[in-house]
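Letters A, B, ... are given to chains in the order of the sequence lines, protein chains preceding strands, and every chain is numbered from 1.
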There are 2 protein chains.
Amino acid sequence: MSITNRQIKYIKSLQTKKGRKLNYQFVAEGVRLLEEALHHNFMPTTILFSANSLSERGNNLVMGFKAKKIECIPVSDKILNSISSTNTPQGIIAVFDIPKTSHYEPKSKKYRKIIWCENISDPGNLGTIIRSALAFDFNMVITTGSCADIYSPKVVRASVGSIFKTDFWETTNEMAINMAKNRKFVLIASTLKGENQSYILNNLNKSSKLILAIGSESEGLSNDILASSDYRIQIRHEKSVESLNAAVAASILMSSFYHI
Amino acid sequence: MSITNRQIKYIKSLQTKKGRKLNYQFVAEGVRLLEEALHHNFMPTTILFSANSLSERGNNLVMGFKAKKIECIPVSDKILNSISSTNTPQGIIAVFDIPKTSHYEPKSKKYRKIIWCENISDPGNLGTIIRSALAFDFNMVITTGSCADIYSPKVVRASVGSIFKTDFWETTNEMAINMAKNRKFVLIASTLKGENQSYILNNLNKSSKLILAIGSESEGLSNDILASSDYRIQIRHEKSVESLNAAVAASILMSSFYHI
């Protein structure tokens with residue numbers, strides 16, 4: 001089967017936040033990223049690919065999706081380039097449903113460590129935090145305030161596929177604070193003035209459930225989060241640097257809590 | 001005094017690697033970034049500013065540079081926008097000399113902790129590593145291979161001013177390995193398979209001088225660096241993630257060595 005102009009226009013619309021919110025779908029592209037989707041069994045609804053411009057590895061990936069009964073539509077390089085969000089398209093683009101669960105409070109007991117991002121507006125930083133979260137076993141990411149859109153092309157790319165394996169909850173500070181209290185999470189707020197990691201680690205144990213909250217580099221966390229937190233945590237560093245990059249700070253803290 | 005077309009053309013040329021290599025100068029823009037330059041006493045040769053589009057804080061910054069006898073040239077928004085490397089120029093651009101020392105082997109004894117970046121081609125990652133290096137007291141950054149250009153606008157921006165306080169050495173693997181051996185640095189290579197941080201920390205002491213080497217996310221470090229290293233270090237994380245973001249990995253490791 002071939003692709004219609006209407007389909008092309010539709011997929012392009014998913015490169016915008018408006019299009020994603022309207023259709024509950026998003027796009028991801030590139031061989032490495034989509035290998036992760038296949039690996040994590042996060043299945044697209046449709047694949048567009050250009051067999052000519054794909055490497056052998058890329059064509060194998062298409063075979064992998066076909067074996068899972070995913071609709072794979074061959075298209076010209078020109079069409080693929082017109083849809084792509086990058087300057088150097090890699091010959092394959094996939095359309096995915098946005099998981100419905102990302103709009104609801106996580107009820108499952110499987111979440112023991114959660115990272116909460118408030119106002120992380122840089123998509124590269126948000127994607128990098130998602131990648132580190134999966135690496136350090138934080139299997140839920142909460143976003144509140146003016147965070148970048150989780151399913152935007154830049155966030156998806158910076159997550160290097162971790163997006164396919166992580167659960168999300170887009171909510172408000174109030175809802176997240178209530179959840180933390182109701183479900184007895186220890187809420188740890190990252191600040192420029194607080195206790196160091198060892199102090200807080202000494203107060204936690206293997207059964208502690210924790211939420212680590214990270215704010216924007218310029219403003220830090222909002223007062224309502226700080227006021228509701230059980231601990232305030234600070235990464236010790238030289239005073240000649242005002243703050244660390246938000247993704248770096250989040251990752252250092254998550255790595256500190258990896259072994260509890 | 002006013003600005004000539006020739007000066008405008010010259011400053012624009014510094015936005016390119018070729019222009020910087022030819023003229024040994026670079027540009028940095030924005031109030032926050034240039035406040036750091038003033039704060040660290042890293043003085044520009046020239047400032048261009050648009051008084052109208054600057055905040056009070058920005059105009060105070062211009063006063064600060066004027067007090068240091070720096071040439072500050074008022075220009076129109078139109079000229080500033082035409083020179084700027086960003087879509088949202090902040091009303092101030094400065095021209096700096098590239099420190100000559102960045103081409104020579106660091107002889108000073110003041111370097112006890114050095115971060116060595118090989119093939120860190122993403123400018124955001126390199127800038128973030130420079131920022132973390134300053135935060136964790138690594139006061140020399142070595143770059144080899146196909147690293148992003150330290151003085152490119154994106155690296156300067158991502159460093160959030162740390163570029164003004166850090167010493168650099170752009171060199172080759174061979175030269176850097178020789179320096180490490182001759183000056184008795186402990187060379188620690190970051191890999192996907194090695195000892196964890198605690199093991200290596202236990203083998204170091206307050207008088208240890210160390211170089212931490214970080215490679216690209218896709219390829220890791222070159223064999224010559226691995227073969228010359230005293231230790232291979234690995235950040236423990238879940239196997240579901242192949243590797244961490246390079247700036248995150250470098251920062252976690254530097255933070256581990258902050259207190260020795």
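At a heavy-atom separation below 4.5 angstrom, chain B is approached by S240(A), V241(A), E242(A), S243(A), L244(A), N245(A), A247(A), V248(A), S251(A), I252(A), S255(A), Y258(A), H259(A) within residues 240-260 of chain A. Close approach to chain A, defined as a heavy atom under 4.5 Å from one of its heavy atoms, is seen in E217(B) of residues 185-219 of chain B, taken by number.
At a 4.5 Å heavy-atom cutoff, H39(A) makes no contact with chain B through either its backbone or its side chain. For a residue to count as touching a neighbouring chain, one of its non-hydrogen atoms must lie under 4.5 Å from one of that chain's; by this rule R32(B) touches chain A with the side chain only.
Ranked by heavy-atom pairs shorter than 4.5 Å toward chain B, the options A158(A), G161(A), A135(A) are led by A135(A).
Heavy-atom minimum distance, H237(B) versus F136(A): CB-CE2, 3.8 Å.
Counted within 6.0 Å of NZ on K113(B), heavy atoms from surrounding residues, nucleotides or ligands total more than 12; the atom is thus considered enclosed.
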